[in-house]
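Since this is a predicted model, take the numbers as computed values, not measurements.
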Amino acid sequence: MGTPQRVLLAPWALLAVVALQLAGASHVIHWSLEAEAAPPPSVPASIVSPLLKTGYHFQPPRNWINDPNAPMYYKGWYHLFYQYNPKGAVWGNIVWAHSVSRDLINWIALEPAIYPSIPSDQFGCWSGSATLLPDGTPAITYTGISRSDINYQVQNVAFPKNASDPLLREWVKPAELNPIAVPEGGINATQFRDPTTAWYADGHWRMLVGGVRGGARGLAFVYRSRDFRRWRRARKPLHSAATGMWECPDFFPVSGAGLENGLDTSEAGPKYVLKNSLDLTRYDYYTVGSYDRRRDRYVPDDPAGDERRRRYDYGNFYASKTFYDPAKRRRVLLGWANESDSVPDDKAKGWAGIHAIPRKIWLDPSGKQLLQWPVEEVEKLRGKPVSVAGKVVKPGQHFEVTGLATYQQADVEVSFEVSSLDRAEPFDAAYANDAQKLCGVKGADAKGGVGPFGLWVLASADLQEKTAVFFRVFKDGYGKPKVLMCTDPTKSSLSPDLYKPTFAGFVDTDISSGKITLRSLIDRSVVESFGAGGRTCILSRVYPSIAVGKDAHLYVFNNGEADIKVSHLTAWEMKKPLMNGA
């Protein structure tokens, strides 16, 4: 990826580079990672300003990035491969870029690992997964484009050239094996992609490949192999639903309800999660259910099945991938967030796309949904904190959280307490399946009974610019509270011609005590929020023009009729990772 730059690195970074050199890495790509001074005040930022490039979310220094691929932990290193265009800030010319880390936060870039080199991937190397074989050797399965006229999709396998190399810098694609799966038997060759991590049971490996049948029914094809070299498709899919094409499927076991430890993909779990990325909506959906290993069939627990599926994230979050981390016995979720500006803007600024902060995921105590929380390692980036406790926000009031030089890179955790739920508005059942539409109608500035209350982040001093992250409480037809969580970026920027959709999801939580929590990771042009301990998550891309640098402020607001108490709020400045990017 070009000649390594000569830079000054912090002591930790120097140790990391030395470790790589001792491991034999001759092509390490890195760049200056010294903390950036806050930009001068009152200088409007254009949409292509470097001030809007994220500080601690994963992204390359330049060019296009999308799906995370084949994350894994191997010989002491976390590996992240991802879809990358080395030639520009738009999708195309896709290769697998490759970065390694000791902690999922500080990343060191290596040379691309997978790139077009054989007939079955000569026109592109699309998404895939990693599987660790019984002897510990990793294998990568991925989608190759073998014909450019129709994006003809096949599945390939690659193995490390030297499995003793902890950095896995070189991969080979055996000619006698590839492709390992082709679109035969009526499969749509343009809708056949993204093999999953494989699992082993009863003498066979299994992996899934996403597809569609009849143009409308999304499904996960099952492929089986005894030796991970020769694969055959099962007669029936693992599961299907009338949802449209399934991209980037993922399938994994989870521990019992409320248990945080993760399971290896080949372990038998009491419950399983099946996730798919819907090409039609560009959102990631999942269900929790049971897996019959003998029949290779999955059944959602909810009788409504895929009609009542949940989303990992109710915002800008797609093409996600999980992996089991044996070092900390957890399952980790990675996802991609695209830009919300225009293609000409992306070309002008020279970069597009980021990854969400890695999240630990586990089954909640009810057994009905997953909980998500930023991996604990992100807390290493916390700097100076400020706190507020026991402050009551009266109806129609707000207050500023002060004490940090800037809130453009911050981690905010807040616990709210509602004085009374009696004023909660009646819930209109017409919005039962459309939280986003409800948020659009009853946004942050639409006064309500209980809420909206929450945070204004990346806000200017005069509040011309602000992104609202908030809750609003309704009562259903039985008098039971129903909680809506929203991110409203409609006033996030004075820059014209931006896509600024509201994002929202209902929060499946008991708020009868009046208590609810919120955490927001704020990073220049991204706001990543976790409601009620990670029951509902929303990532939004925003591009402030005046709320940048030291002019980025943080407020707590209450536009409801009931008092809201901030039981406790802590905000930390967030440092840049010592190493970050592609």
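Within the structure, ring-ring contact (aromatic ring centres under 6.0 Å, His included) contacts touching residues 118-141 (residues at least two apart or in different chains) are Trp91-Trp126. Identified under the salt bridge (Lys or Arg N to Asp or Glu O under 4.0 Å) test for residues 197-221, with sequence neighbours left out: Arg206-Asp296. Listed by first and then second residue, the salt bridge (Lys or Arg N to Asp or Glu O under 4.0 Å) pairs that reach into residues 248-269 are Glu260-Lys360, sequence neighbours excluded.
For the residue pair Arg541/Ser525, the side-chain donor-acceptor check at 3.5 Å is satisfied. The closest side-chain donor-acceptor pair between Asp67 and Ser127 falls under 3.5 angstrom. With 3.5 Å as the limit, one finds no donor-acceptor pair spanning the side chains of Arg524 and Thr54. Using a 3.5 Å distance cut-off with no hydrogens or angles, the side chains of Trp336 and Asn338 do not pair a donor with an acceptor. Side chains of Asn276 and Glu247: no donor on one and acceptor on the other come within 3.5 Å. Checking Asn63 against Asn85 by side-chain atom types alone, no donor-acceptor pair falls below 3.5 Å. One side chain, Ser520 or Ser529, offers a donor N or O that lies under 3.5 Å from an acceptor on the other. Using modelled atom types and a 3.5 Å distance limit, the side chains of Ser120 and Asn178 yield no donor-acceptor pair.
Looking only at distances, a side-chain donor or acceptor of Tyr56 sits under 3.5 Å from a matching main-chain atom of Ile522. Counting only distance, with no hydrogens or angles, the side chain of Ser101 and the backbone of Asn106 share a donor-acceptor pair below 3.5 Å. Asp523 places a side-chain N or O within 3.5 Å of a backbone atom of His57 that can act as its donor or acceptor partner. Gln436 places no side-chain N or O within donor-acceptor distance of the main-chain N or O of Gly505, the cut-off being under 3.5 Å. Although no hydrogens or angles enter the test, the distance criterion places no donor-acceptor pair under 3.5 Å between the side chain of Tyr285 and the main chain of Leu274. The main-chain N or O of Gly76 is found under 3.5 Å from a side-chain atom of Arg102 such that the two form a donor-acceptor pair. For Arg311 (side chain) and Tyr314 (main-chain N/O), a donor-acceptor pair under 3.5 Å exists by modelled atom type. Asp121 places no side-chain N or O within donor-acceptor distance of the main-chain N or O of Gly124, the cut-off being under 3.5 Å. Side chain of Asp194 to backbone of Cys248: a donor-acceptor contact under 3.5 angstrom is found. Listed for the Lys87 side chain is no donor-acceptor partner under 3.5 Å among the backbone atoms of Ile94.
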Under the side chain to side chain contact (heavy atoms under 4.5 Å, CB included) rule, what do Leu370 and Asp364 come out as? Steps first, then yes or no, please. CA-CA 6 Å; Leu370 294 172; Asp364 86 325; over 6 Å; no

Yes or no on side chain to side chain donor-acceptor pair (under 3.5 Å) for Gln83 and Asn69, after CA distance, side-chain angles and deciding distance? CA-CA 7 Å; Gln83 301 279 279; Asn69 294 149; 2.8 Å; yes

Going through the distances and angles, do Leu539 and Phe503 end up as a side chain to side chain contact (heavy atoms under 4.5 Å, CB included)? CA-CA 8 Å; Leu539 188 154; Phe503 290 122; over 6 Å; no

Between Asp301 and Thr287, does the side chain to side chain contact (heavy atoms under 4.5 Å, CB included) criterion hold? Intermediate values first, please. CA-CA 8 Å; Asp301 284 346; Thr287 57; over 6 Å; no

May I have the step-by-step check of side chain to side chain contact (heavy atoms under 4.5 Å, CB included) for Leu177 and Phe159, ending in yes or no? CA-CA 11 Å; Leu177 300 181; Phe159 300 98; 4.0 Å; yes

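Between Ile361 and Phe252, the shortest heavy-atom distance links the atoms CD1-CZ, 3.8 Å. Of all non-hydrogen atoms in Pro174 and Val172, the two that sit nearest each other are CD-O, 3.5 Å. For the residue pair Ser146 and Gln122, the shortest heavy atom distance occurs at O-NE2, 3.4 Å. Closest heavy-atom contact between Pro71 and Lys321: CD-CG, 3.5 Å. Annotation for Cys125 and Pro116: closest pair SG-N, 3.4 Å, computed over non-hydrogen atoms. Contact between Val212 and Gly244 at its shortest, heavy atoms only, is CG2-C, 4.2 Å.
Cation-pi geometry between Lys173 and Tyr115 is met: under 6.0 angstrom from the ring centre, within 45 degrees of the axis. Both the sub-6.0 Å distance and the 45° axial angle are not jointly satisfied by Arg331 relative to the ring of Trp362.
The shortest distance between side-chain heavy atoms of Leu334 and Ser320 does not fall below 4.5 Å. By the 4.5 Å heavy-atom criterion applied to side chains, Asp306 and Pro300 are counted as neighbours. Inter-residue side-chain proximity for Trp205 and Ser266 is flagged as met; some heavy-atom pair is nearer than 4.5 Å. Looking only at side-chain heavy atoms (C-beta outward), Thr131 and Pro138 stay at 4.5 Å or farther from each other. The side-chain heavy atoms of Phe81 and Met72, taken from C-beta on, include a pair separated by under 4.5 Å.
Remark: Glu379 engages Arg382 in a salt bridge (charged side-chain N to carboxylate O under 4.0 Å, His left out) (not counting sequence neighbours). The side chain to side chain contact (heavy atoms under 4.5 Å, CB included) check on Pro195 picks up Thr141, Thr143, Gln155, Met207, Val209, with sequence neighbours excluded. By the ring-ring contact (aromatic ring centres under 6.0 Å, His included) test, Tyr312 is found to be paired with Tyr286, residues two or more places apart in sequence or in another chain being considered. The side chain to side chain contact (heavy atoms under 4.5 Å, CB included) test applied to Ala432 returns Phe427, not counting sequence neighbours. With sequence neighbours excluded, the residues that form a side chain to side chain contact (heavy atoms under 4.5 Å, CB included) with Thr243 are Ala241, Trp246, Leu278, Arg309. Arg232 pairs by the side chain to side chain contact (heavy atoms under 4.5 Å, CB included) definition with nothing, not counting sequence neighbours. Scored by the ring-ring contact (aromatic ring centres under 6.0 Å, His included) test, Tyr78 finds Tyr73 as partners (sequence neighbours excluded). Scored by the ring-ring contact (aromatic ring centres under 6.0 Å, His included) test, Trp231 finds Phe228 as partners (sequence neighbours excluded).
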Donor-acceptor pairs under 3.5 Å, side chain of residues 180-192 to any protein atom, not counting sequence neighbours: which ones?
residue	atom	partner	partner atom	Å
Asn188	OD1	Thr190	N	2.9
Asn188	OD1	Thr190	OG1	2.7

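Taking the six-membered ring for Trp, His98 and His79 have ring centres closer than 6.0 Å. Here Tyr82 and Phe58 bring their ring centres to under 6.0 angstrom of each other.
For NZ of Lys380, the number of neighbouring non-hydrogen atoms (other residues, nucleotides, ligands) closer than 6.0 Å is greater than 12.
With salt bridges taken as basic N to acidic carboxylate O contacts below 4.0 Å, one links Arg359 and Asp313.
No option in Trp199, Tyr298, Phe251 other than Phe251 meets the ring-ring contact (aromatic ring centres under 6.0 Å, His included) test with Tyr272.
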